[in-house]
There are 2 protein chains.
Amino acid sequence: MAVAESTRREELLRIAGQLFARKGFRSTTVRDIADSAGILSGSLYHHFDSKETMVDELLDSFQRRLFETYDAIIAGEQSPREKLVAVARASFDAIDQHHSEVAIFQNDAGYLAEFDRFSYLIERNARFQQMWTDLLRAGITSGELRADLDVELVYRFLRDTVWVAVRWYRPGGSLSGDEVADQYISILLDGIAATEGATK
Amino acid sequence: MAVAESTRREELLRIAGQLFARKGFRSTTVRDIADSAGILSGSLYHHFDSKETMVDELLDSFQRRLFETYDAIIAGEQSPREKLVAVARASFDAIDQHHSEVAIFQNDAGYLAEFDRFSYLIERNARFQQMWTDLLRAGITSGELRADLDVELVYRFLRDTVWVAVRWYRPGGSLSGDEVADQYISILLDGIAATEGATK
DNA sequence: GTCTATAGTATGATAGAC
DNA sequence: GTCTATCATACTATAGAC
């Protein structure tokens, strides 16, 4: 019974997540979710307090798992550059494996963060920024990364380029998640200009 | 009289644009817009048919001007790499000068494009893609750009990294639009890795 | 666990007075 | 050009039957 309820909850969450990801949290109605699940909107409230509870559970559990992965990488023995690549790769893997959650985070976190209930989004965002900028500064110190760039700007560049791929990347497309990650990381590290050529 | 009406319309459009940019098109209500303008919601309909008309005028006129700029660059005599830099710089300038419109485009174009009225968004998106990928292929042919990357993937990377900056860039901040553009373009072309260092 | 029925509110838009 | 007043619809959420 507890198992069946849990399973039904998760199935409804999955359905809600797909709709939130595709249409946005605000323009997905509880009726949309119920329709997709084959039940009536009132029945959803047997499982969840509110629409906000649904998106809350989706984002919170996803982010917890993601940060566990990040923390493990940061705590490791690799060089700053290697850790940076590993974190980027883990993020692309999240896009591949948890597409809905990343899309919701990318599209609706700014709006949701305005509410007290979602204040953890702001805290984790700050933690994420700290992690990336520490890594970037360590990479500059170690000589692996360019010292002539603004660290905060590079952080935003990295963060955005990694996550914005959720807008077009679809699991099962012509490029695998790993291939996308490899090319993205290659561009980030070495740029798109030819290294021996007419320029520079 | 025609002038006064036109001015009032533009003022209301500007107000609506700021709200659409900050809260998103769908969660900005006509009452929000009217409140910001100091009038009642019904009075808005003296100036505009509908909420959609407002966002339509904002996006359409902005995109027309943007493409005029792009077309002039493409028609010029520069090398592919130089044109690519010029297009990127023009895009950052658009973020600086037409922040609301870029933000609306970035956040709501996907939703709006589902409606017939906004089908031009899809057409212009295709034109934009054609322009960038032509430029990238020309740059590879000329030897200025790396030949080992997937052109469609690089296009998406470029497009997204350029426009997503609207999420955090604010006119009048510590970095000017030109400074941001210069660093972004430098990262895009040459990457963040140190060129003489322990790696590669 | 789902349905019926509905409360209470917010929304986009309209008609006509001023 | 704005206001008053309002319509029709859609929304989140609830109460109680089955």
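Just so we're on the same page: letters track the sequence lines, and every chain starts at 1.
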Q) Between D/dC11, D/dT2, C/dA13, which one does the side chain of B/S41 approach most closely? A) C/dA13

Q. Atom CG of B/D35 to atom P of C/dG12: distance rounded to whole Å?
A. 12 Å

Q | Listed nucleotide nearest any side-chain atom of A/H46, set D/dA13, C/dA13, C/dG1 | A | C/dG1

Q) Given atom CE of A/M54 and atom C1' of D/dA13, what is their separation to the nearest angstrom? A) 11 Å

Q) Quick one: which of C/dG12, D/dG1, D/dC3 gets closest to the side chain of B/H47? A) D/dG1

**Q.** Hphob cluster co-occupancy, A/Y120 + A/F115, side-chain heavy atoms under 4.5 angstrom
**A.** yes

(Q) Distance check needed: D/dC11 P versus A/E52 CD, whole Å only. (A) 17 Å

Q. Looking across every strand, which nucleic acid part, if any, lies under 4.0 Å from B/T53 by heavy atom: base, sugar-phosphate, or nothing?
A. nothing

Q) Is there a donor N/O on one and an acceptor N/O on the other, under 3.5 Å, for the side chain of B/R31 and the base of C/dG12? A) yes

(Q) Is the distance from the ring center of B/F92 to that of B/Y169 below 6.0 Å? (A) no

Q: Would you indicate which nucleotide in C/dT2, C/dT11, D/dT2 comes nearest to any side-chain atom of B/I39?
A: D/dT2

Q. Can you hop from A/L66 to A/V162 via hydrophobic side chains spaced under 4.5 Å?
A. yes

Q: Give a yes/no answer on whether the side chain of B/R8 brings an N or O atom under 4.0 Å of OP1 or OP2 in D/dT2.
A: yes

Q: Tell me what A/S27 touches on the nucleic acid: a base, only sugar-phosphate, or nothing, going by heavy atoms under 4.0 Å.
A: nothing

Q.
Is the distance between the ring centroids of A/F105 and A/F62 under 6.0 Å?
A. no

Q) Rounded to the nearest Å, what distance is computed from the CZ atom of residue B/F25 to the C1' atom of nucleotide C/dT11? A) 12 Å

Q | Upstream residue (5' side of DNA chain D) when A/D32 and A/S43 are each assigned their closest nucleotide | A | A/D32

Q. For B/Y45 and C/dA13, is the shortest distance between a side-chain N/O and OP1 or OP2 below 4.0 Å?
A. yes

**Q.** Spacing between A/K51 atom NZ and D/dA13 atom P, to the nearest angstrom
**A.** 8 Å

